[in-house]
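Data first, discussion second: the structure below is written as structure tokens.
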Amino acid sequence: MPKGVTPRSQDYARWYTDVVRKAQLADYGPVKGTMVIRPYGYAIWELLQQAFDRRFKATGHVNAYFPLLIPMSFFSKEASHVEGFAKEVAIVTHYRLRNSPDGSGVEVDPDAKLEEELVVRPTSETIIWSMYKQWINSYRDLPILINQWANVVRWEMRTRLFLRTSEFLWQEGHTAHATAAEADEETRKMIEVYREVAEDEMALPVIVGRKTEAERFPGALDTWSIEAMMGDRRALQAGTSHNLGQNFAKAFDVTFRTEENEQEFVWASSWGVSTRLVGAMIMAHGDDQGLRIPPRIAPIQVVVVPIYKEEDFSRVMQAASALAAELEQLGIRVKLDDRDNMSPGFKFNDWEMKGVPVRVELGPRDLDADTATLARRDTDGKTTVALDSVAPAMPALLDEIQASLFQQALDFRAEHTHTPDDYDTFKELIKEGGFIRCGWDGDPATESAIKAETKATIRSIPIDENPTGLRCIYSGQPAKHEVIFARAY
RNA sequence: CGGGGCGUGGCGCAGUCCGGUAGCGCACCUGCUUUGGGAGCAGGGGGUCGUAGGUUCAAAUCCUAUCGCCCCGACCA
């Protein structure tokens, strides 16, 4: 096995795959497009889950679970929803296997065909709204603020570990409201939660904004997203929140009695983030040494590597485990690397690949001087510090690394965000990747012409847009919106 | 679905053109020496060469079919 990873500059896609596998985040599953999330990768997901779940609860949401299998007929109820997902659903048609006649194995039992075929959920709007119909009668039943953590299946043609797999893990919030204003408020509130987790926990700067009609969720009135820039300057949609209006209520005939005893359709929102975020973290922060995980979502925040010759073994190990215990007391996720079959040099590279924010090296020379050697993953080089200061200073150091990774990502994004005045410049700039912030006349035809010519799409109509005085980069007409163009994942 | 590539010990590959006893590196196991940036030496175990047919005295190698995976494009969180 080659020692490092393919350099990013040489082949970014291969760098990504190398890092995922060498850092032991995930492996390919036996079925095309499937992924095994290994313990280290899953630990990151769990920390993300906690960060989100805490905030969902704090904003009044509760968790529930709806079934994986959905009657196929449900999918015919919301026209644009069908159109959006029909091409990529897995369908269950039978419920039994039998031994094949030639004795070579098993086969589908043709006698066990289902009356109504079942769809493996690609998303749960339909099954959830079929239930909401039963649960909602009056304005007193509203709002319903339910989230579920689940897996979904979308039969993708092209897959990539974490970014797009046939099956992935996510959360999907599905809310029901009495008024349009409430549904809109909910949609905005949750995209703000996503922004906060992305920026504060993942150190991932994102652009909050709305999607154009072309990029909107099938069945939504309005889609909000957070968009991030990856290390190859491409855009990644990291989370979405949809104002579904009354579309699903109408499709599933979900009405309620208002205070005025009027019959009205329910207003809805849905919002989700997925294991794709792990991919976002890898591509936003990783370097040619491997992962760089922001401390708040790092399964291991500090690794202690003891260095010893035989005669130093016991005093080094003693000091190392004392230090690890002291760090743990402070609530820091610490790992003492006591593997004795690997050299220190191997361990340094190994933990760098795995993106651990801080490494503490402790050897005889350090102990003689009452010092420890510190290596930060976000910067190069090592420093020597007093041993008894390591633990007390660690929480602040982790905060500093968190902030530094955010700043690095922010600087990178700023460096690769441009505001050209004419379309020729636009075309030149987009070849290099990055974001282009410019005017758009609001015409879908303009959007699709630009896509056809440059592969760039409108990623976002930023929440802080200011189209006043701007002209459309393509048509030269007065701009209706200020938008972000980019090539995207 | 179009284009390309690849299926050979756990992983990465050579061998295929030109048929003739299946090899290399890493990993693994044992022992000794090592340990401050991917340790060294010695010994050892492990593969019906994706699958199914065919040609041949003989097939990883030639022929036919088939399955799978990866990469690039059209669609998507």
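Reminder, nothing fancy here: chain letters follow the sequence lines and each chain counts from 1.
Look at CG on D27(A): it is 13 Å from C1' on C69(B), rounded to the nearest Å. If you take CD of Q289(A) and P of G38(B), they are 13 Å apart, rounded to a whole angstrom.
Separation of the W129(A) and F66(A) ring centroids does not fall under the 6.0 Å cut-off. Ring to ring, F162(A) and F168(A) are not that close: their centroids are 6.0 angstrom or more apart.
Contacts of E361(A) with the nucleic acid, taken as non-hydrogen atoms under 4.0 Å apart, include base atoms.
Of all nucleotides present, only U33(B) satisfies the Watson-Crick or G-U wobble test against A39(B), with each distance under 3.5 Å. Partner assigned to G19(B) is none, using Watson-Crick or G-U wobble distances below 3.5 angstrom. Nucleotide A74(B) forms no Watson-Crick or G-U wobble pair with any nucleotide shown, as no partner meets the under 3.5 Å limit on both distances. Pairing of C69(B), defined by two Watson-Crick or G-U wobble distances under 3.5 Å, is identified with G5(B). Pair assignment for U55(B): none, as no Watson-Crick or G-U wobble contacts are both less than 3.5 Å. Pair check for G46(B) finds none; no Watson-Crick or G-U wobble contact set falls under 3.5 Å. Base pairing of C26(B) is made with G10(B), judged by Watson-Crick or G-U wobble geometry with both donor-acceptor distances under 3.5 Å.
Taking atom P on both G12(B) and A59(B), the two are 28 Å apart, rounded to the nearest angstrom. Rounded to whole Å, the separation between the C1' atoms of G46(B) and U56(B) comes to 31 Å. Straight-line distance between the C1' atoms of G25(B) and G9(B): roughly 13 Å, to the nearest whole Å. Using P as the reference atom, U61(B) and G73(B) are 34 Å apart when rounded to the nearest Å. G44(B) and C63(B): their P atoms are spaced 39 Å apart (whole Å).
At a cut-off of 3.5 Å, with distance as the only test, no side-chain donor of Y194(A) or E199(A) sits close to an acceptor on the other residue. No hydrogens or angles considered: nothing links the side chains of N243(A) and R188(A) as a donor-acceptor pair under 3.5 Å. When only modelled atom types and interatomic distance are considered, H242(A) and S270(A) share no side-chain donor-acceptor pair under 3.5 Å. Using modelled atom types and a 3.5 Å distance limit, the side chains of T6(A) and D11(A) yield no donor-acceptor pair. No hydrogens or angles considered: a donor-acceptor pair under 3.5 Å links the side chains of S269(A) and T175(A). A donor-acceptor pair shorter than 3.5 Å cannot be found between the side chains of S225(A) and Q237(A). A donor atom on one side chain and an acceptor atom on the other are found under 3.5 Å apart for R292(A) and Q408(A).
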For nucleotides 41-47 of chain B, print each protein N/O atom paired with a nucleotide N/O atom at under 3.5 Å, atom names and distance only.
none

Nucleotide N/O of nucleotides 27-32 of chain B paired with protein N/O under 3.5 Å:
none

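Set against A77(B), G36(B), G38(B), the side chain of F168(A) has A77(B) as its closest nucleotide. The side chain of E156(A) approaches A77(B) more closely than any other nucleotide in the set C71(B), U35(B), A77(B). The side chain of I307(A) sits closest to U35(B) out of A77(B), C71(B), U35(B). Side chain of N349(A), nearest nucleotide from G37(B), A77(B), C71(B): G37(B).
Evaluation of atom-type donor-acceptor distances gives no pair under 3.5 Å for the side chain of D350(A) against the base of G38(B). Side chain K382(A) to base G37(B): a donor-acceptor pair is found below 3.5 Å.
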